[in-house]
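Keep in mind that this is a model prediction, so the values were computed, not measured. Starting from 1, each residue takes its place in the sequence as its number.
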Amino acid sequence: MSRQQTAATPRPVTALGAVRGTATEPVTAEGAWVTTGRAARELGLRRTEFDLAVRLGRIRTAPGRDAGERRVTHAEIERLRAGPGFPKSLRRSVHAVGTAEGADLLDVPKSRFTRLARLGLLVPVTFYLNRYRAVVWLYLADELRLFGDDDKNTPLLTGRTPEGLRGLLDSGIDLRPRNWRSRHLGFLLRESDDPWARAGAVASFLGPLRVTEVVKDPYDRSYLNGFRRRPPGGGSPDSPAALLREHLMTAQDADEIDWLRADLARLTDEARAHRPAPRPGPVRPTSHRPAAAHHSAAAHHPLPAHRTARVTAPATAPVRHEAPAGQAAPARQKSSTGPGRGRCRGLLGRWRRRTGLTRGVR
């Protein structure tokens with residue numbers, strides 16, 4: 001991590017300094033930029049090489065319209081094309097090698113190269129997991145050449161390892177994950193323009209419990225979690241490979257955790273002062289009155305006469321259906337009880353019919 005970005009962020013334990021410089025630049029005009037995928041093709045880089053070049057500050061990008069989107073101006077592409085030795089010089093500057101190729105560059109055995117990396121003298125720039133889920137660390141070839149050309153490092157490349165360093169190796173020290181985290185955090189901070197995004201970058205290297213201890217407000221913490229970065233490599237979040245990447249990205253040493261906690265507290269305060277985290281709005285009271293109040297109001301204020309007549313009308317009153325205009329009313333059916341008599345309906349009609357039958361029998 002670089003003190004140029006955060007005052008409380010520790011430097012990686014390494015003999016090589018991280019690449020400094022800004023990687024962002026405002027877009028000048030609409031239509032004067034291209035997407036990162038097209039920029040990689042125009043510069044003759046693979047996508048992994050392009051992403052590494054952006055993180056190292058070799059290629060300057062600008063924020064796009066959508067959150068997390070980056071884009072490259074045409075002027076930046078022309079600047080890189082006009083550079084000496086393009087495109088070989090650009091590809092060489094982002095060329096990353098593993099342990100075997102790195103040992104060949106330093107002209108040392110692979111075992112000595114690994115020991116130097118474990119001691120933090122060689123800082124990995126990225127990593128990937130092979131098919132056996134073993135971590136493969138990658139190093140910038142240019143940095144290895146600089147390390148080998150420095151006369152101060154000659155005793156480390158030839159002869160016996162100093163006694164103090166041998167004691168550290170015997171204790172099982174391995175600073176590769178920590179130095180990669182330090183360098184990767186510097187990359188994320190250089191890419192982040194928003195204060196909440198910078199705080200989220202630091203929170204990405206702490207476990208959820210550590211973040212809760214620093215950011216106690218639940219609304220701030222929920223908003224901050226939206227800016228946390230996932231470990232590089234992608235894949236399913238619950239897969240064994242993703243869990244291993246998450247472990248590598250989480251701080252382990254006590255002093256490293258303390259540095260990150262201090263950075264997170266400071267950056268969260270700055271982000272909160274810049275833009276408070278969103279919170280739920282006030283609850284509006286309901287406009288409906290209670291039923292008891294409604295009935296009491298109805299008792300004190302009687303309904304009008306026409307509405308009262310509707311309520312008190314008998315439910316058994318016959319309803320007459322008027323025929324539509326221009327249509328004759330349906331003819332009344334003749335009663336089957338006798339000629340010339342209309343059919344009586346209801347209880348009264350049935351009582352009359354039964355009475356008439358009884359009289360006829362008598």
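Side-chain contact, Arg181 with Thr250: no donor N or O sits under 3.5 Å from an acceptor N or O. His74 and Glu42 share no donor-acceptor pair across their side chains, judged by distance under 3.5 Å alone. For Arg229 and Ser204, the side-chain atoms include no donor-acceptor pair closer than 3.5 Å.
Between Asp174 and Arg176, at least one side-chain nitrogen of the basic residue sits less than 4.0 Å from a carboxylate oxygen of the acidic one, meeting the salt-bridge criterion. We find that Arg183 and Glu143 are joined by a salt bridge, their nearest charged nitrogen and carboxylate oxygen being less than 4.0 Å apart. With respect to Asp217 and Arg272, no salt bridge is recorded, no charged nitrogen being found less than 4.0 Å from a carboxylate O. With respect to Asp51 and Arg46, no salt bridge is recorded, no charged nitrogen being found less than 4.0 Å from a carboxylate O.
A donor-acceptor distance shorter than 3.5 angstrom exists from the side chain of Thr114 to the backbone of Lys110, with no hydrogens or angles considered. In this structure, the side chain of Arg118 engages the main chain of Leu169 through a donor-acceptor pair within 3.5 Å.
By the criterion of side-chain heavy atoms lying less than 4.5 angstrom apart, applied directly or through intervening Ile, Leu, Val, Met, Phe, Trp or Tyr residues, Leu243 is not grouped with Tyr128; the two fall into different hydrophobic clusters.
When all heavy atoms of Asn153 and Phe147 are compared, the pair lying nearest together is ND2-O, 3.0 Å.
Residues Val123 and Leu175 have side chains not in contact (no heavy-atom distance under 4.5 Å, counting atoms from C-beta outward). Looking at heavy atoms from C-beta onward, Arg71 lies out of side-chain contact with Thr36 at the 4.5 angstrom threshold.
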